[in-house]
Amino acid sequence: MKNQETNHISGAEAVIRCLLAEKVDLIYGYPGGAIMPIYDELYKYSDVLQHILTRHEQGATHAAQGYARTSGKVGVAMATSGPGATNLVTGIADAQIDSTPMVCITGQVGSHLLGSDAFQETDIIGISTPVTKWNYQITKASEIPEILAKAFYIAKSGRPGPVLIDITKDAQFDLFDFSYKKCKAVRSYTPIPALEQDQVSAAAAVINKAEKPMIIWGQGVILGEAEEEFKNFVEATGIPAAWTILGLSALSTKHPLNVGMVGMHGNYGPNILTNECDILIAVGMRFDDRVTGNLDTYAKQATIVHLEIDPAEVNKNVEAHYPVLGNCKESLPLLTSLVNHKEYKNWKQLFKNHMQTEYESVIQGDILPTKEGLTMGEVIVGINKHTKGDAVFVTDVGQHQMIACRYAEFVRSKSNVTSGGLGTMGFALPAAIGAKMGAPDREVVAVIGDGGYQMTIQELGTIFQNKTAVKIVVLNNDYLGMVRQWQQLFFDKRYASTEMINPDFVTIAKGYNIKAERVNKREDLDAAISTMIASDEPYFLEVCVEKEANVFPMIPTGASVSDIRLK
């Protein structure tokens with residue numbers, strides 16, 4: 001480590017000093033010409049700041065996301081200019097829509113070359129503006145401390161999100177007198193709206209009059225670190241609570257008031273009863289279209305109470321009759337102190353009745369199959385058996401994602417890491433690397449489809465090099481399963497470009513020195529899962545599942561939540 005007593009330093013070294021001041025200990029990235037000065041300084045500080053070389057810049061952003069989601073810290077990714085920077089964009093967009101705190105640092109050509117179409121010059125500021133919470137291009141070394149301090153503050157505060165800082169090469173070389181001061185405020189930026197007692201009191205009054213109330217919670221509970229406050233609120237009211245996929249794990253899946261998932265492939269009861277409740281209490285969720293279905297028919301009978309940190313989300317999709325702005329960690333205790341507990345016996349019985357209907361029509365066939373072929377559901381149930389609900393599930397995008405969200409069991413928060421809003425295939429493998437590094441004491445299981453797996457399969461090299469003990473489960477149906485399901489149901493089984501001829505995944509894993517196994521038969525599944533979970537090393541398990549199985553329940557696109565289909 002270099003001597004930090006010298007304060008007349010280069011911009012490149014200043015970047016490293018800023019990261020250390022923000023208590024960053026882990027960076028994901030890929031070097032290149034325009035960011036080489038920063039990497040040279042990083043080499044000198046390698047004893048206090050670890051760099052994980054991913055095999056693709058997109059992998060760096062997803063790994064940083066996974067790290068942020070399990071650790072609660074800001075994820076950091078770095079890349080060079082041009083294609084290095086543009087390869088970050090998918091992960092940045094994913095982090096933006098899923099509110100993941102991340103700081104991305106990119107190198108840029110010298111400031112005298114800006115706008116000249118120099119080698120590997122790309123306007124990454126212009127490209128990333130729509131998908132970042134904030135971005136900035138540094139052209140002078142003296143700007144680095146203030147801008148990086150601001151970047152970390154903006155990324156983490158309020159509703160979190162990704163920030164991109166682009167640094168020209170000459171700014172990395174130039175010398176200046178370094179000093180660092182953490183950012184605590186930014187003019188005209190109010191990360192947390194002031195909590196108004198009148199809003200809380202009005203919301204409590206209407207909740208206390210409810211006969212058929214329902215709670216839907218989202219990731220805001222987790223991001224606000226309000227899990228205990230939320231549990232207290234649910235128990236104080238006795239109101240049944242359902243979750244969005246990003247809210248999953250904030251409340252134990254075994255909690256008696258947890259009634260399941262809402263949305264396109266959510267549970268039958270909470271979807272149907274959304275259009276029958278008299279009060280809908282939304283906590284830290286944004287009424288995404290996959291949750292609401294047709295907005296013209298969504299909860300029109302209900303009075304809407306919306307607890308939300310981002311004013312832009314209030315009334316954006318669904319009108320809130322009683323908005324409560326602020327961090328739910330602060331608003332929930334105030335609300336809890338004013339609400340009354342009721343049993344709602346008849347109302348809760350409706351949820352139980354619908355769950356029984358769903359069990360007989362869908363769940364039983366998913367987790368206790370009678371067909372010869374293996375199902376995705378029984379694999380998830382098998383993993384639950386061996387992890388006892390305490391594992392982190394990192395899922396990709398597709399049928400396996402919906403099945404995992406439906407059947408995975410969680411007993412603590414920050415356990416479900418998935419690409420929600422953007423739906424990024426290829427997310428899971430690199431995100432699982434970051435998730436494991438963010439929670440090294442926890443079992444991390446990546447559940448991936450054969451399609452998404454091949455989008456970032458090169459990150460097996462990152463796992464191999466760093467000996468990251470991620471458990472990788474590929475549910476292989478030789479199809480792009482979710483697209484095929486839609487083609488079957490809505491395009492008369494015209495399976496256009498969805499069937500996949502896959503490589504030997506086990507051989508590929510072994511080529512990266514990762515222990516691997518393939519399962520084709522039900523009688524081999526439990527032992528294979530047991531061996532995988534018991535391993536203290538990276539492990540790959542391919543499970544060959546039914547090729548043309550579908551995920552139900554399902555709300556067709558544009559349909560009402562009341563039109564949810566069981567088959």
Side-chain angles (χ1 to χ4, degrees), residues 54-56 59 62-63 369 371-387 391-401 403-404 425-433 435-436 443-481 484 498-549:
T54 57
R55 297 307 186 259
H56 191 282
H62 292 328
K371 295 180 181 179
E372 182 178 339
L374 288 161
T375 69
M376 295 184 182
E378 65 184 309
V379 178
I380 302 303
V381 170
I383 296 170
N384 289 338
K385 173 186 172 183
H386 290 280
T387 60
V392 175
F393 275 74
V394 184
T395 52
D396 215 80
V397 174
Q399 287 181 317
H400 66 279
Q401 176 191 33
I403 290 290
M425 290 179 68
F427 171 87
L429 188 61
I433 296 170
K436 181 64 177 178
E443 196 71 68
V444 174
V445 182
V447 179
I448 317 177
D450 49 308
Y453 182 57
Q454 293 178 84
M455 287 193 169
T456 50
I457 195 171
Q458 72 279 349
E459 299 307 332
L460 290 175
T462 308
I463 292 172
F464 170 45
Q465 182 168 341
N466 294 281
K467 299 180 173 60
T468 311
V470 171
K471 310 302 167 60
I472 306 158
V473 180
V474 167
L475 302 180
N476 184 3
N477 57 10
D478 293 315
Y479 274 105
L480 298 176
R484 185 214 54 76
T498 47
E499 186 171 9
M500 303 194 76
I501 299 175
N502 289 315
D504 185 334
F505 291 130
V506 169
T507 296
I508 291 172
K510 288 181 176 178
Y512 284 98
N513 205 32
I514 296 171
K515 293 179 180 178
E517 184 177 357
R518 178 184 296 111
V519 171
N520 295 285
K521 298 179 180 179
R522 182 164 290 118
E523 55 265 32
D524 299 329
L525 180 62
D526 185 69
I529 293 173
S530 177
T531 300
M532 175 184 72
I533 297 300
S535 175
D536 58 1
E537 301 176 20
Y539 200 97
F540 174 85
L541 177 62
E542 176 186 5
V543 183
C544 300
V545 297
E546 289 184 2
K547 285 193 172 186
E548 296 189 44

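When reading the values below, keep in mind they use all heavy atoms of this one structure, side chains included, and skip hydrogens, waters and symmetry mates.
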For His400, all residues meeting side-chain hydrogen bond (donor to acceptor under 3.5 Å, both in side chains), sequence neighbours excluded: none

Spatial distance of atom CD (Glu443) from atom CD1 (Ile533) [nearest 0.5 Å]: 4.5 Å

Shortest non-hydrogen contact between Asp396 and Gly426, atoms and distance: OD2-N, 2.9 Å

Of all pairs that satisfy salt bridge (Lys or Arg N to Asp or Glu O under 4.0 Å), the ones with a partner from residues 528-540, not counting sequence neighbours: Lys515-Glu537

His56 to Gln458 - nearest heavy-atom pair and separation: CB-NE2, 3.4 Å

Partners passing side-chain contact (heavy atoms from CB on, under 4.5 Å) against Lys510 (at least two apart in sequence or in another chain): Val506, Ala516

Closest contact, heavy atoms only, Ile508 versus Ile457: CG2-CD1, 4.1 Å

Glu499 backbone acceptor or donor facing Lys547 side chain under 3.5 Å: no

Heavy-atom donor-acceptor pair, Asn520 side chain to Cys544 backbone, under 3.5 Å: no

Nearest-0.5 Å distance that lies between atom CG in Asp504 and atom CZ in Arg518: 4.5 Å

Pairs satisfying salt bridge (Lys or Arg N to Asp or Glu O under 4.0 Å), at least one member in residues 457-468, at least two apart: none

pair Val447-Met376: side-chain heavy atoms closer than 4.5 Å: no

Arg484 side chain near Gln399 side chain, heavy-atom distance below 4.5 Å: yes

Donor-acceptor contact below 3.5 Å, side chain Lys436 vs main chain Val444: no

Test item: Ser530 side-chain N/O and Asp526 main-chain N/O as donor-acceptor pair under 3.5 Å: no

Steps toward side chain to side chain contact (heavy atoms under 4.5 Å, CB included) verdict (Phe393, Asn384): CA-CA 10 Å; Phe393 275 74; Asn384 289 338; 4.0 Å; yes

Those residues that, when tested against Arg55, pass side-chain hydrogen bond (donor to acceptor under 3.5 Å, both in side chains) (two or more places apart): Gln465

Non-hydrogen atoms of Gly452 and Ile448 that approach each other most closely: C-CG2, 4.1 Å

Heavy-atom side-chain proximity of Gln454 to Pro503 below 4.5 angstrom: yes

Single hit among Ile463, Leu541, Val445 for side-chain contact (heavy atoms from CB on, under 4.5 Å) with Ile472: Ile463

Smallest separation among heavy atoms of Pro430 and Thr456, with atom names: CD-OG1, 3.5 Å

Within-4.5 Å side-chain heavy-atom neighbours: Tyr539 and Glu517: yes

Close side-chain approach of Glu378 to Arg522, heavy-atom, < 4.5 Å: yes

Backbone of Glu546 reached by a side-chain donor or acceptor of Asn477 within 3.5 Å: no

Atom pair CE (Met532) and CD1 (Ile383), whose distance is rounded to the nearest 0.5 Å: 5.0 Å

Heavy-atom neighbours of Glu523 CD exceed 12 at 6.0 Å: yes

N/O donor-acceptor pair under 3.5 Å between Thr395 side chain and Gln401 backbone: no

pair Lys385-Ile529: side-chain heavy atoms closer than 4.5 Å: no

Closest contact, heavy atoms only, Val394 versus Ala431: CG1-CB, 3.9 Å

Spacing of Thr387 atom OG1 and Lys471 atom NZ [to the nearest 0.5 Å]: 10.5 Å

Value rounded to 0.5 Å, distance of CG in Leu374 from CG in Leu525: 6.0 Å

Gap between atom CD1 of Ile501 and atom CG of Asp450 - 0.5 Å precision: 12.0 Å

ring-ring contact (aromatic ring centres under 6.0 Å, His included) contacts in which one or both residues fall within residues 450-474, not counting sequence neighbours: Tyr453-Phe505, Tyr453-Phe540

Minimum side-chain heavy-atom gap Met425-Leu480 below 4.5 Å: yes

